[in-house]
Amino acid sequence: MAVAPAESIASLSNDLFYDILRRLDGPTLACAACTCASFCSISKEEILWENVCSSIWPSTNREDVKMLISFIGGFRKFCADCFPLIVIKEVGEYQWNSYLEYPDDWTEAEYYGEMNELESISPSDFISIVDIKFKEKPICSKVLWGIPNANGYNGWFYNCPFRIDLFSCADRDDNNDGVVTLSVSDGLPPLTSMEREKKDGKLWRELRDSLLLSWIIVNKKIKQSANLASWSPLDGQRHWPTDKDFIFRFGSVLSAKDVLPSQVVQCILIMKFRVVHTEQEGVQTTLRSTELSMQLEDMEGAHVNGKNSLLILKKALSCRRSKNYSEVHESCLAYSKVQNKLKEEKIRNESRIDTICILSSIVAVMTFWYYVL
């Protein structure tokens with residue numbers, strides 16, 4: 001096959017350039033835009049980035065989501081904000097010793113968030129755009145407008161632990177047709193019995209290696225968005241709380257500077273599947289989703305309340321991003337290590353206090369009997 005000389009590339013038509021670029025994925029399209037003026041000009045076409053977003057996030061095919069993305073700056077900006085993931089590199093430098101106790105002079109406004117800043121943030125401004133894939137095949141796309149059960153500034157939401165449940169009670173109903181399911185036809189390995197799964201863990205490994213989650217938070221007021229998921233699971237558990245449950249944890253580390261004393265928190269996304277049929281029952285292996293939720297957890301393992309969560313989510317929209325997903329996982333791993341150190345130090349301190357109390361009690365008893373006798 002003859003190759004056109006480099007100087008003749010500029011003579012090719014824009015239609016041919018466009019046909020080339022529309023076949024590229026997001027990162028490749030962004031790189032191609034840097035190669036020459038023609039590619040740079042054509043790559044600014046929104047339809048190209050709309051196609052890219054559609055392939056990555058099927059939920060962006062919805063008309064209401066398309067209108068939202070256009071309102072906040074377009075598909076090109078949306079892809080640039082949400083394809084790279086949030087990464088906090090300062091977690092490893094965190095001085096956990098200084099966080100063993102909250103300062104006595106930490107005011108209520110400092111702990112719960114400044115009221116004037118909080119008043120500018122409304123739960124209705126946040127939209128969740130969620131996509132789940134299994135072996136690169138979309139199995140669930142959901143859009144949640146606003147944060148459920150967050151009506152009224154003085155409501156329980158602001159002072160209670162923050163939590164978003166993507167699946168309603170109706171979605172968890174066994175008879176609900178809209179429930180998310182996985183079966184052998186989706187690529188699951190056939191499961192002869194749960195006893196067999198306990199031994200080889202084949203189904204568990206297939207789920208762990210093939211599930212992908214994207215949870216994008218959009219704030220329509222400030223026109224910013226970010227992906228809070230880690231794409232692939234950070235960790236998970238098998239056979240808990242029953243033999244038929246599979247739990248996977250996704251998430252990211254978020255900055256809580258000037259919001260909480262810990263300075264960083266972890267966004268935890270929990271996905272649960274339950275085995276509803278095995279080959280032993282005469283039907284193909286089938287799994288059903290039972291939970292997909294989001295929570296924020298501080299360094300001490302406590303769930304962050306609604307007030308602080310809104311402030312943290314807003315800050316997350318302007319956090320540093322990285323296309324190197326190993327950095328995201330390393331950040332989460334560093335967070336877990338620091339958190340474990342903090343827990344160990346607290347246990348040691350509590351052990352010291354218990355020992356002092358026991359010794360003090362013994363001294364008090366001995367002193368009492370010394371004076372009595």
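Nothing fancy with the numbering, it's 1 onward along the sequence. For the numbers below, each heavy atom of this structure counts, side chains included, while hydrogens, waters and symmetry mates do not.
Grouping the Ile, Leu, Val, Met, Phe, Trp and Tyr side chains by contacts below 4.5 angstrom, directly or via other members, places Val328 apart from Leu333. Connection of Leu296 to Leu234 is not established within any shared hydrophobic cluster, with ILVMFWY side chains joined at heavy-atom distances below 4.5 Å, either directly or through further cluster members. Under the 4.5 Å side-chain heavy-atom criterion for grouping Ile, Leu, Val, Met, Phe, Trp and Tyr, Leu144 is connected to Val130 within one hydrophobic cluster.
Atoms NZ and CG, on Lys323 and Leu85 in that order, are 11.5 Å from each other to the nearest 0.5 Å. Distance check: Glu46 CD to Ser70 OG gives 6.5 Å after rounding to the nearest 0.5 Å. The NZ atom of Lys337 sits 12.5 Å away from atom SG of Cys332, with the distance rounded to the nearest 0.5 Å. Here the CD atom belonging to Glu197 is positioned 5.5 Å from the CG atom belonging to Leu191, to the nearest 0.5 angstrom.
The side chain to side chain contact (heavy atoms under 4.5 Å, CB included) check on Pro161 picks up His303, with sequence neighbours excluded. Partners of Ser225 according to the side chain to side chain contact (heavy atoms under 4.5 Å, CB included) rule, which considers only residues two or more places apart in sequence or in another chain, are Ile72, Phe78, Asp81, Cys82, Ile216, Val218. In this structure Thr192 satisfies the side chain to side chain contact (heavy atoms under 4.5 Å, CB included) test together with Arg196, sequence neighbours excluded. Take Trp49 and apply the ring-ring contact (aromatic ring centres under 6.0 Å, His included) test, not counting sequence neighbours, and it matches no residue. For Phe248, the ring-ring contact (aromatic ring centres under 6.0 Å, His included) partners two or more places apart in sequence, or in a different chain, are Trp204. For Ile353, the side chain to side chain contact (heavy atoms under 4.5 Å, CB included) criterion is met by Cys357, not counting sequence neighbours.
The shortest non-hydrogen separation linking Pro190 to Val184 is CA-CG2, 4.2 Å. For Leu254 against Cys267, the heavy-atom pair with the smallest separation is CD1-CB, 3.9 Å. Closest approach of Val304 to Val265, counting heavy atoms only: CG2-CG1, 4.2 Å. Of all non-hydrogen atoms in Ser124 and Lys220, the two that sit nearest each other are O-CE, 3.5 Å. Across every non-hydrogen atom of Ser214 and Trp57, the tightest pair is OG-NE1, 2.9 Å. Across all non-hydrogen atoms, the minimal contact from Ala316 to Ile86 is O-CD1, 3.4 Å.
The main-chain N or O of Ile47 is found under 3.5 Å from a side-chain atom of Asn51 such that the two form a donor-acceptor pair. Put simply, the side chain of Thr355 gets close to the backbone of Ser351: a donor and an acceptor are under 3.5 Å apart. Using modelled atom types, no side-chain atom of Glu136 and backbone atom of Lys133 make a donor-acceptor pair closer than 3.5 Å. Counting only distance, with no hydrogens or angles, the side chain of Thr286 and the backbone of His277 share no donor-acceptor pair below 3.5 Å. The main-chain N or O of Glu206 is never found under 3.5 Å from a side-chain atom of Asp209 such that the two would form a donor-acceptor pair. A donor-acceptor pair under 3.5 Å is formed between the side chain of Arg321 and the backbone N or O of Cys319. In terms of modelled atom types and a separation under 3.5 Å, the side chain of Ser318 and the main chain of Lys315 share a donor-acceptor contact. Side chain of Thr60 to backbone of Cys53: a donor-acceptor contact under 3.5 angstrom is found. A donor-acceptor contact shorter than 3.5 Å is absent between the side chain of Ser289 and the backbone of Phe273. Without hydrogens or angle criteria, Ser252 side chain to Leu228 main chain gives a donor-acceptor distance under 3.5 Å.
Across Leu317, Leu313, Ile127, a single residue satisfies side chain to side chain contact (heavy atoms under 4.5 Å, CB included) together with Asn219, and that is Leu317.
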**Stepwise salt bridge (Lys or Arg N to Asp or Glu O under 4.0 Å) test for Asp64 and Arg62** = CA-CA 6 Å; Asp64 54 351; Arg62 293 177 36 154; 2.5 Å; yes

**Request:** Report the C-alpha distance between Glu50 and Lys66 in whole Å, list the side-chain angles of each, state the deciding distance to 0.1 Å, and finish with yes or no for salt bridge (Lys or Arg N to Asp or Glu O under 4.0 Å).
**Result:** CA-CA 9 Å; Glu50 182 176 344; Lys66 288 182 179 180; 3.3 Å; yes

**Request:** In sequence, state the C-alpha distance, the side-chain angles, and the governing distance for Lys272 and Ile270, and then conclude on side-chain contact (heavy atoms from CB on, under 4.5 Å).
**Result:** CA-CA 7 Å; Lys272 293 183 182 180; Ile270 299 294; 4.0 Å; yes

**Prompt:** Can Arg249 and Asp235 be said to form a salt bridge (Lys or Arg N to Asp or Glu O under 4.0 Å), step by step?
**Reply:** CA-CA 5 Å; Arg249 188 174 66 91; Asp235 55 46; 2.4 Å; yes

**Message:** Run Met67 and Glu63 through side-chain contact (heavy atoms from CB on, under 4.5 Å) and show every step you take.
**Reply:** CA-CA 6 Å; Met67 293 177 61; Glu63 289 302 320; 5.5 Å; no

**Request:** For side-chain contact (heavy atoms from CB on, under 4.5 Å), just list the numbers for Leu292 and Ile132, CA-CA rounded to whole Å, side-chain angles, deciding distance to a tenth of an Å, and then say yes or no.
**Result:** CA-CA 10 Å; Leu292 181 53; Ile132 307 173; 3.7 Å; yes

**Item:** Residues Leu310, Phe126; criterion side-chain contact (heavy atoms from CB on, under 4.5 Å); working and verdict
**Value:** CA-CA 9 Å; Leu310 292 183; Phe126 291 91; 3.8 Å; yes

**Item:** Verdict with reasoning, Asp165 to Arg163, per salt bridge (Lys or Arg N to Asp or Glu O under 4.0 Å)
**Value:** CA-CA 7 Å; Asp165 279 301; Arg163 180 185 174 96; 2.9 Å; yes

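A salt bridge links Asp186 and Lys137; the closest N-O separation between the charged side-chain nitrogens and carboxylate oxygens is under 4.0 Å.
Side-chain contact between Pro123 and Tyr158: present, with at least one pair of heavy atoms (C-beta onward) separated by less than 4.5 Å. Contact of the Leu211 side chain with the Phe246 side chain is not registered, since no non-hydrogen atoms from C-beta on lie closer than 4.5 Å. Looking at Ser262 and Glu300, their side chains never come closer than 4.5 Å, going by heavy atoms from C-beta outward. Side-chain atoms of Arg76 and Val52, non-hydrogen and from C-beta on, never get closer than 4.5 Å to each other. Within the 4.5 Å cutoff, the side chain of Val264 has heavy atoms near those of the Met299 side chain. Side-chain contact between Leu207 and Leu287: present, with at least one pair of heavy atoms (C-beta onward) separated by less than 4.5 Å. Contact of the Leu213 side chain with the Leu269 side chain is registered, since non-hydrogen atoms from C-beta on lie closer than 4.5 Å. Using a 4.5 Å heavy-atom threshold, the side chains of Lys307 and Ser309 count as separate.
Using a 3.5 Å distance cut-off with no hydrogens or angles, the side chains of Asp131 and Ser141 do pair a donor with an acceptor. With no hydrogens or angles considered, no side-chain donor-acceptor pair links Asn324 and Ser322 at under 3.5 Å.
Ring geometry, Trp231 versus Tyr325: the interplanar angle falls from 30° to 60°, so the pair is classed tilted.
Residue Lys202 qualifies as open at atom NZ: its count of foreign heavy atoms under 6.0 Å is 12 or below.
For the pair Lys223 and Phe71, the distance from NZ or CZ to the six-membered ring centre is under 6.0 Å and the angle to the ring normal is within 45 degrees.
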